[in-house]
Protein chains: 2
Amino acid sequence: MTTIRDVAQAAGVSRATAARVLSDPGLVAEATRKRVLEVVQQLGYTRNSVAASLRTTRTGRIIVTVPDISNPFFSRVIRGVEEAAQAAGYAVLLGDTRNEPAREEQYADMLNRREADGMIFLGPRLPSVLDRIRARDGSRAPIVNGCEFTPGLGVSSAHIDNAGAAFEVMDSLYTMGHRDIALVLGPADSPLTRDRLLGAQRAAAIRGLTGHLMLERGDFSIESGRRAAQALFARDARPSAIFCFSDEMAIGTLAAARNAQIACPAELSVVGFDDIDMARYVDPPLTTIRQPMAEIGRKAVELLIEILEGRQDVPLCVTLPHRLIIRQSVGKGPAIAETPE
Amino acid sequence: MTTIRDVAQAAGVSRATAARVLSDPGLVAEATRKRVLEVVQQLGYTRNSVAASLRTTRTGRIIVTVPDISNPFFSRVIRGVEEAAQAAGYAVLLGDTRNEPAREEQYADMLNRREADGMIFLGPRLPSVLDRIRARDGSRAPIVNGCEFTPGLGVSSAHIDNAGAAFEVMDSLYTMGHRDIALVLGPADSPLTRDRLLGAQRAAAIRGLTGHLMLERGDFSIESGRRAAQALFARDARPSAIFCFSDEMAIGTLAAARNAQIACPAELSVVGFDDIDMARYVDPPLTTIRQPMAEIGRKAVELLIEILEGRQDVPLCVTLPHRLIIRQSVGKGPAIAETPE
DNA sequence: TTGTAAGCGTTATCAG
DNA sequence: CTGATAACGCTTACAA
């Protein structure tokens with residue numbers, strides 16, 4: 001391979017000058033610069049990033065891990081991440097952890113090995129191998145959490161107000177006359193599930209309907225939503241509304257309802273979360289909470305870059321706006337239907 | 001940061017010995033090894049991969065680019081890629097090119113800069129910056145194409161028989177009595193679209209129905225499928241069956257049909273391609289071609305690793321089996337319905 | 001404006 | 001089995 005040495009030799013300058021032409025051209029005389037660039041072109045020279053990184057201790061890369069790349073919500077967040085990273089001159093290394101702690105650790109360890117400058121972690125758990133870095137750097141550790149937020153960890157995070165959003169959904173369902181509402185939660189260990197559950201419970205408590213809340217657990221996938229709905233339909237008192245913590249689970253719920261000949265929204269209201277592309281195309285179109293997915297990604301990168309640049313005042317937590325999107329999957333509840341004025 | 005030097009010093013051995021303990025422990029005496037490992041543990045030493053790569057000229061990474069990460073088909077392929085890569089000791093760097101040539105070039109250039117050992121390219125175009133590598137290495141260039149295949153390029157590829165699969169779909173539609181069939185294609189520049197179109201046209205030609213073929217173009221997204229269907233519904237002679245080159249476009253087509261009050265499968269049959277998770281949950285469940293997505297990914301990695309290991313007999317093209325999955329979105333065509341025996 | 005030279009942290013070679 | 005030493009290719013004081 002051609003190295004900067006070859007370039008320098010061919011251009012009749014020192015290695016230092018040749019290197020300068022590439023990194024800080026302003027320092028080099030016009031004529032020399034031109035000559036060097038010509039040679040670079042001619043020899044097809046490309047800087048060996050490994051050697052450069054060794055010298056500078058910067059890789060220009062950031063690692064981003066997601067629990068599940070096939071989850072359309074995360075794909076959108078990643079879009080935002082890539083956009084912002086690229087604009088700031090960073091390349092994105094994406095890792096799918098499949099929600100397996102071992103894989104999370106593996107990707108996080110890349111940071112220890114200095115394969116990237118920083119890391120954005122989209123998911124519930126913070127890998128333990130990051131402890132070393134955090135012990136060393138404290139709140140200045142180049143680690144940002146996206147979508148989820150665990151207070152007290154000292155790790156910056158970009159997300160929406162999950163509790164508030166869940167509260168809104170429940171409130172609107174109660175207002176529509178629903179009383180027996182089921183929640184299809186996400187994985188048990190996620191702060192996100194916990195927050196949304198808290199918000200929903202608060203709404204129920206205000207109406208004195210805590211006892212009417214039904215819970216099922218899913219893993220955000222379509223299939224888990226379908227199963228949860230089946231389980232709910234098998235209960236003695238079937239809910240009149242199901243609030244799923246992801247659009248995919250809501251779509252699974254719609255499929256289960258169709259299968260059980262339960263009409264939506266006439267007999268059953270369904271609400272999702274995220275507002276993925278598919279949400280508006282299913283039958284009936286899904287009422288859901290829209291998250292600013294790309295913005296979450298962009299913001300996470302922004303936070304990380306501030307940390308990497310050594311800024312002192314990096315906010316610990318950025319809360320972005322969400323919005324309840326009303327479509328046709330929600331109808332009036334039985335309470336209102338049964339007592340017309 | 002602690003380096004191998006610190007470890008060596010603390011363990012009272014030379015740097016070389018300390019390094020050996022980590023890379024080839026068999027070469028070191030039991031006692032020494034133990035002592036060194038203890039120190040490693042104690043100091044929390046992690047090998048600096050940048051320095052190691054500089055020396056070995058291997059990064060242990062492979063780059064994988066996809067046209068669109070939010071496309072569920074690609075997510076599944078990536079799953080297979082990660083699985084196989086990890087098993088072989090490689091980390092996967094994922095890049096979303098958003099179908100933009102500039103981004104493709106950018107990721108491909110990472111290979112020139114030696115940021116990874118090889119590259120798997122899922123998509124239609126081979127970035128031009130790879131020419132340098134290919135010029136140098138010829139067919140031994142560490143580049144593999146997945147899903148698509150461009151003959152004559154000398155780049156190995158893993159994929160299904162796209163032409164054959166499309167032929168099967170068309171044949172089954174014709175057998176069901178359909179005559180006026182519309183195709184919703186993918187992007188114009190992709191070999192994959194070209195192959196499927198050829199297969200479909202061959203099936204039409206055999207029946208003498210080439211003139212009855214209607215064509216619309218999409219970009220594999222739901223929305224593009226919806227638009228294509230709308231355009232088809234607006235034609236004078238509406239097709240009785242629509243074959244979309246992706247499940248997502250088929251789902252968009254279903255939505256458009258619902259909107260136009262066209263019953264599926266009674267009045268319109270719809271076929272997709274890929275068999276993504278969602279396919280079985282939509283209404284009606286989608287007839288489609290199942291691709292062995294994970295297997296495509298695994299195979300692509302296998303090919304790449306063979307190249308990286310210097311094997312001479314790396315196959316140029318691996319064709320994996322597909323399967324027509326019959327669900328409820330296809331019904332009898334008007335030709336049969338109108339002429340009962 | 002340009003050149004000299006000293007590393008960055010690792011691994012490979014070659015003696016011992 | 002272990003140690004000394006020389007790279008790998010680049011960047012960056014510092015000197016000229």
Side-chain angles (χ1 to χ4, degrees), chain A residues 1-37 39-40 43-61 89 109-117 132 136, chain B residues 1-37 39-40 43-61 89 109-117 132 136:
Chain A
M1 284 310 310
T2 69
T3 73
I4 195 78
R5 230 191 182 98
D6 305 324
V7 173
Q9 201 156 29
V13 296
S14 72
R15 263 182 305 158
T17 304
R20 271 191 284 256
V21 170
L22 268 27
S23 55
D24 197 348
L27 294 178
V28 180
E30 170 74 33
T32 330
R33 191 194 321 155
K34 211 168 155 187
R35 190 150 34 96
V36 171
L37 286 176
V39 173
V40 164
L43 299 185
Y45 168 77
T46 313
R47 166 203 273 111
N48 179 324
S49 68
V50 176
S53 292
L54 178 59
R55 185 61 234 255
T56 60
T57 69
R58 298 186 349 101
T59 63
R61 271 172 263 161
D109 211 29
M110 291 176 75
L111 210 52
N112 285 327
R113 292 196 300 269
R114 252 119 316 162
E115 302 207 28
D117 300 336
R132 194 183 324 162
R136 178 161 49 90
Chain B
M1 284 308 311
T2 68
T3 73
I4 195 79
R5 228 187 183 103
D6 304 325
V7 172
Q9 201 156 30
V13 295
S14 72
R15 263 181 304 158
T17 304
R20 271 191 285 256
V21 169
L22 267 26
S23 55
D24 197 347
L27 294 177
V28 180
E30 171 74 33
T32 329
R33 191 195 320 154
K34 210 167 154 188
R35 189 149 35 96
V36 171
L37 285 176
V39 173
V40 164
L43 299 185
Y45 168 78
T46 313
R47 163 201 279 113
N48 180 324
S49 69
V50 176
S53 292
L54 178 59
R55 189 59 238 253
T56 59
T57 69
R58 298 186 347 100
T59 63
R61 271 172 264 162
D109 211 31
M110 291 176 75
L111 209 52
N112 285 328
R113 293 196 300 268
R114 251 117 319 161
E115 302 206 29
D117 300 336
R132 194 181 326 163
R136 178 159 50 91

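Keep in mind it's a predicted model, so treat the numbers as computed, not measured. All chains are named by letter (A, B, ...) in the order of the sequence lines, taking the proteins before the strands, and each is independently numbered beginning at 1.
For R55(B) against dT11(C), a side-chain N or O and a base N or O form a donor-acceptor pair under 3.5 Å. In terms of polar N and O atoms assigned as donor or acceptor, the side chain of R20(B) comes within less than 3.5 Å of the base of dG3(D) in a complementary pairing.
Going from atom CG of D24(B) over to atom P of dT11(C) covers 11 Å, rounded to whole Å. Rounded to an integer number of Å, the gap from R58(B) CZ to dG9(C) P is 22 Å. Rounded to an integer number of Å, the gap from R5(B) CZ to dA4(D) P is 12 Å. Protein atom CD1 of I4(B) is 18 Å distant from nucleotide atom P of dT5(D), rounded to whole Å. The interatomic distance linking R114(A) (CZ) with dC8(C) (P) rounds to 14 Å, in whole Å. We find that CG of D6(A) is positioned 9 Å from P of dC10(D), with the value rounded to whole Å. In this structure, L27(A) atom CG and dT2(C) atom P are separated by 10 Å, rounded to whole Å. Atom CZ of R15(A) is separated from atom P of dA6(C) by 11 Å (rounded to the nearest Å).
Side chain of R132(A) to backbone of G44(B): a donor-acceptor contact under 3.5 angstrom is found. Proximity of a side-chain donor or acceptor of R33(B) to a complementary backbone N or O of V21(B) within less than 3.5 Å is not detected. R113(B) places no side-chain N or O within donor-acceptor distance of the main-chain N or O of T46(A), the cut-off being under 3.5 Å. Using a distance-only test at 3.5 Å, with no hydrogens or angles considered, no donor-acceptor pair links the side chain of R47(A) to the main chain of A52(A).
Within the structure, a side-chain polar atom (N or O) of R47(B) is placed less than 4.0 Å from OP1 or OP2 of dT11(C). For T17(A) and dG3(C), the shortest distance from a side-chain N or O to OP1 or OP2 is below 4.0 Å. Here S53(A) does not reach the OP1 or OP2 of dC8(C): none of its side-chain N or O atoms lies under 4.0 Å away.
Here the nucleotide nearest the side chain of A16(A), chosen from dG9(D), dA5(C), dT10(C), is dA5(C). Comparing dA4(D), dT4(C), dA6(D) against the side chain of S14(B) picks out dA4(D) as the nearest. Picking from dT4(C), dG9(C), dT10(C) the nucleotide with the shortest atom distance to the side chain of L54(B) gives dG9(C). For T3(B), the listed nucleotide lying nearest its side chain is dT10(C); candidates were dT10(C), dG3(C), dT11(C).
Backbone-only contact: A52(A) has heavy atoms under 4.0 Å from sugar-phosphate atoms and none from a base. Residue V50(A) is classed as having no contact, given no heavy-atom separation below 4.0 Å to the nucleic acid.
Residue whose closest nucleotide on DNA chain D sits further toward the 5' end, between R35(B) and L22(A): R35(B). Taking for each of A51(B) and T32(B) the nucleotide of DNA chain D with the nearest heavy atom, the 5'-most of the two is the partner of T32(B).
Summarising the local packing, CZ of R136(B) is surrounded by more than 12 heavy atoms from other residues, nucleotides or ligands at distances under 6.0 Å.
The shortest side-chain heavy-atom distance between D117(A) and T57(A) does not fall under the 4.5 Å cut-off.
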